[in-house]
Amino acid sequence: MKRISTLITLILFLSPAAIYACTNFIVTRGASTDGSTMITYTADSYNMYGELYHFPAAKYPEGALLEVYEWDTGKFLGKIRQVRETYNVTGNMNEHQLAIGETTFGGRNELVNPKGVIDYGSLIYITLQRAKTAREAIKIMTQLVEEYGYYSSGESFTIADPNEAWILEMSGKGPGVMGAVWAAVKIPDGYISGHANQARITKINLNDPDNCLYAPDVITFAREKGYFSGKDADFDFAAAYNPLDFGGIRFCDGRVWSLFRRCNSTMDKYLPYIKGETLERMPLYIKPDKKLSVHDVMSLMRDHYNGTELDMTTGIGAGPYGNPMRARPLTWKYNGEEYFNERPISTPQTGWSFISQSRSNLPNEVGGVLWYGVDDTYTTVWFPMYAAVTDIPENYRKGLGSLSHFTWDSAFWVFNAVANFAYPRYNVVVDDIKTVQNQLEGQFLLRQKEVEEKAVKLLSSSRAECLLFLTNYSKEAGKSVYTTWRKLSEDLLLKYMDGVKKNEHFKTVNVGYPEQFRGEIVKESGEKLKVKKLPGENEMTLGAHISAAKELIKQKNYSAAKTELEAVLKLDPNNSWAKEELKKVNSLLGAIDELHNKNFGMN
């Protein structure tokens, strides 16, 4: 991911648990409410810092070279030929509304080429600066690794433009071997798809270049390596280059299933697959029950398997306040057996995330929007960054703070301050966060039509004026999110400090534990925490009730005397004096009632 040591990078290649990192969701234009092609990306890693990249459009002289540094580590990999002209890129979207995301599936360790010059991250950002469409991007990406070698492990890329969305899956060929094996499938219009660190392309159509592309040797190479031995028509890309294991299903395909189940009511049938009970894989793409809006997609990317058997807000691991975060590592051992925590879409180690909108019914300057946010998707705020902008918000700028340098000026650190304050007291605090989150995102969504109508009008007379307007709007949106969240961090501390909360008058209100958790405490502690009577305290209380009963009888206050006598018998059920006196009192009260009814005609 970002700025980690070469040793950790090696571990990423070798350790399956370390690569369950990112989530992509894909919505084709026919599956969206407004004709948008949408993709999502969560950049998940404890070594990922949340910052917004910007590559301005540029022109280069003939023969210029581009130095390539590994995106994860900053390691110099080599030089490649620069093109004469590059496009403006904001985050993971360029001025032509082309957007690219990824998830790492790792695959076969022996296929990594440490002498390759192009790593997966550089491949994304170099391509965004050079391609206008998804198909062109696939061509450029595969040509780059063919010429210069692919440095990374197995990768799934999401590539979308205003008209099409594709999944491209790629793996190297081993040490010192140039090129890569790959397959790309177009998601049919009206359908949705996703991937999450497990290769998802299985069988490929070898005779449908409009919808399926692949490396010429994708099958022959698998045969040579012993990964496949059947007929070409039966070739399965994922089975050959990223065979399923339990982690690939539960931690990876599980996230895709959770997206699918919330969009299509038939997807619960794949729960046995997610639980490792069957090997019946989910389809690569499905048709949603209804078309999806940007707001719907925001909700989908905030997921802890809520309401399912895998729900992370329940169980002892969630603590007293329904915390969906779990202590790492992802898998752990107890008494010699291996266990695991669920791996949801929303996770604390997200550095940044986006939801892209590419729209064919609008000019490129206006149609491409990158809804961008930092940190955990459940507590982030996605704000609109128009892809053709010429500048970005100050508090999201690359180089402002780092994982080893805290600064309140960085939106990443402000959002982490809020989220990490909330985790230990989750369902006590999270509604306060969601309220502000909804206000901000709702405001941006509500204003979108108005902003874009104005931008289109400006574009008709001046592209420069249009870009200036959208740049200023995007920067103000980012600034508004940052300043509001900074204030929220202060307000939460003020309201919830020291394990209690304050009401609207700043008076202390005890939070306490939920009933179920109280029961667990009692079950675990037994009599240890039970409030006990001191020696002789019962006798003193008994005497007090007896004295009170005698005094009340003397005062002829029989109803109150009855209460005191009953209290005596509760403490001392065999007290014969109290039994006899209570019998007399009840008799008197009965007689009084009878006399009252007789004299006043009451039935």
Side-chain angles (χ1 to χ4, degrees), residues 1-2 9 12-13 15-27 38-48 71-72 91-92 99-108 111-112 119-125 127-128 134 137-138 141 150-160 165-172 180 182-185 187 192-202 237-238 241-245 247-260 274 281-282 284-285 297 300-301 303 330 342-347 349-356 377:
M1 283 296 174
K2 180 107 169 66
T9 302
L12 281 171
F13 290 162
S15 171
I19 64 171
Y20 304 143
C22 306
T23 306
N24 283 194
F25 183 52
I26 304 165
V27 181
M38 292 183 280
I39 71 170
T40 74
Y41 177 40
T42 62
D44 303 338
S45 170
Y46 288 100
N47 302 287
M48 172 65 72
W71 186 45
D72 285 344
N92 283 52
I100 305 179
E102 59 78 28
T103 72
T104 301
F105 63 76
R108 298 184 181 274
L111 297 184
V112 175
D119 67 291
Y120 76 99
S122 299
L123 190 58
I124 290 174
Y125 296 108
T127 301
L128 284 169
I138 294 170
M141 294 170 81
Y150 181 55
Y151 178 79
S152 299
S153 61
E155 199 75 27
S156 300
F157 298 96
T158 301
I159 309 168
W166 290 72
I167 294 178
L168 164 66
E169 294 192 325
M170 177 183 293
S171 177
W182 58 271
V185 174
I187 308 305
I192 61 174
S193 186
H195 51 90
N197 308 116
Q198 171 65 47
R200 295 265 292 129
I201 296 175
T202 53
F237 182 90
Y241 295 110
N242 185 211
L244 282 175
D245 59 18
I249 296 174
R250 187 61 167 247
F251 306 139
C252 305
D253 276 356
R255 282 173 276 154
V256 178
W257 169 77
S258 203
L259 289 166
F260 280 8
I274 301 306
R281 295 197 65 168
M282 297 179 294
L284 179 60
Y285 43 79
V297 175
L300 288 166
M301 294 305 293
D303 188 87
L330 188 61
E342 302 293 356
R343 179 15 177 131
I345 293 167
S346 293
T347 187
Q349 72 268 26
T350 301
W352 48 268
S353 60
F354 71 75
I355 300 166
S356 69
T377 61

**Request:** Identify the heavy atoms of I138 and A184 that sit nearest to each other, and give their distance.
**Result:** CD1-CB, 4.0 Å

**Prompt:** For the residue pair A165 and I26, what are the closest heavy atoms and their distance?
**Reply:** CB-CG2, 3.6 Å

**Message:** Rounded to the nearest 0.5 Å, what separates atom OG in S152 from atom CG in D72?
**Reply:** 7.0 Å

**Message:** Under a 3.5 Å threshold, yes or no: a donor from one side chain and an acceptor from the other, between S346 and D303?
**Reply:** no

**Message:** So which atom in S156 and which in Q198 form the shortest heavy-atom distance, rounded to 0.1 Å?
**Reply:** OG-O, 4.4 Å

**Complete:** side chain to side chain contact (heavy atoms under 4.5 Å, CB included) filter on S122, not counting sequence neighbours, yields V68, D119, I126

**Prompt:** So do the side chains of R281 and D253 get within less than 4.5 Å of each other, counting heavy atoms only?
**Reply:** yes

**Item:** Heavy-atom check, side chain of R250 versus side chain of I274, under 4.5 Å
**Value:** yes

**Request:** To the nearest 0.5 Å, tell me how far Y241 OH sits from E169 CD.
**Result:** 12.5 Å

**Fill in**
Sorted by chain and residue number, the side chain to side chain donor-acceptor pair (under 3.5 Å) partners of Y285 (sequence neighbours excluded) come out as none

**Complete:** Here the gap from T42 atom OG1 to N24 atom CG, rounded to the nearest 0.5 Å, amounts to 7.0 Å

**Prompt:** Do S45 and Q349 meet the criterion of a side-chain donor-acceptor pair at a distance under 3.5 Å?
**Reply:** no

**Prompt:** Which value, rounded to the nearest 0.5 Å, describes the distance between N242 atom CG and R200 atom CZ?
**Reply:** 12.0 Å

**Asked** To the nearest 0.5 Å, how far apart are CD in E342 and OG in S258?
**Response** 10.0 Å

**Intermediate values then yes/no, side-chain contact (heavy atoms from CB on, under 4.5 Å), F157 and L123** = CA-CA 10 Å; F157 298 96; L123 190 58; 3.9 Å; yes

**Complete:** Rounded to the nearest 0.5 Å, the CD1 atom of I100 sits from the OH atom of Y41 at a distance of 11.5 Å

**Message:** Looking at every heavy atom in both A43 and M48, which two are closest together, and how far apart are they?
**Reply:** O-CG, 3.7 Å

**Message:** With a 4.5 Å cut-off on side-chain heavy atoms, are L259 and M301 touching?
**Reply:** yes

**Request:** Apply side-chain contact (heavy atoms from CB on, under 4.5 Å) to the pair N197 and F251, showing each step before the final yes or no.
**Result:** CA-CA 8 Å; N197 308 116; F251 306 139; over 6 Å; no

**Request:** Report yes if the side chains of I187 and I167 come closer than 4.5 Å at any heavy-atom pair, otherwise no.
**Result:** yes

**Request:** With the side chain counted from C-beta on, respond yes when Y150 and E155 share a heavy-atom pair under 4.5 Å apart, and no when they do not.
**Result:** yes

**Prompt:** What closest approach, in Å, do A199 and A238 show between heavy atoms, and which atom pair accounts for it?
**Reply:** O-CB, 3.7 Å

**Prompt:** Is R108 close to P243 at the side-chain level, that is, under 4.5 Å between some pair of heavy atoms?
**Reply:** yes

**Request:** Apply side-chain contact (heavy atoms from CB on, under 4.5 Å) to the pair S153 and T104, showing each step before the final yes or no.
**Result:** CA-CA 7 Å; S153 61; T104 301; 3.6 Å; yes

**Message:** Ignoring hydrogens, what is the shortest heavy-atom contact between F25 and L300? Give both atom names and the distance.
**Reply:** CE2-CD1, 3.6 Å

**Item:** Aromatic plane relationship, F354 with W352 - under 30° parallel, 30 to 60° tilted, over 60° perpendicular
**Value:** parallel

**Request:** Return yes if a side-chain donor-acceptor contact under 3.5 Å exists between T347 and D44, otherwise no.
**Result:** no

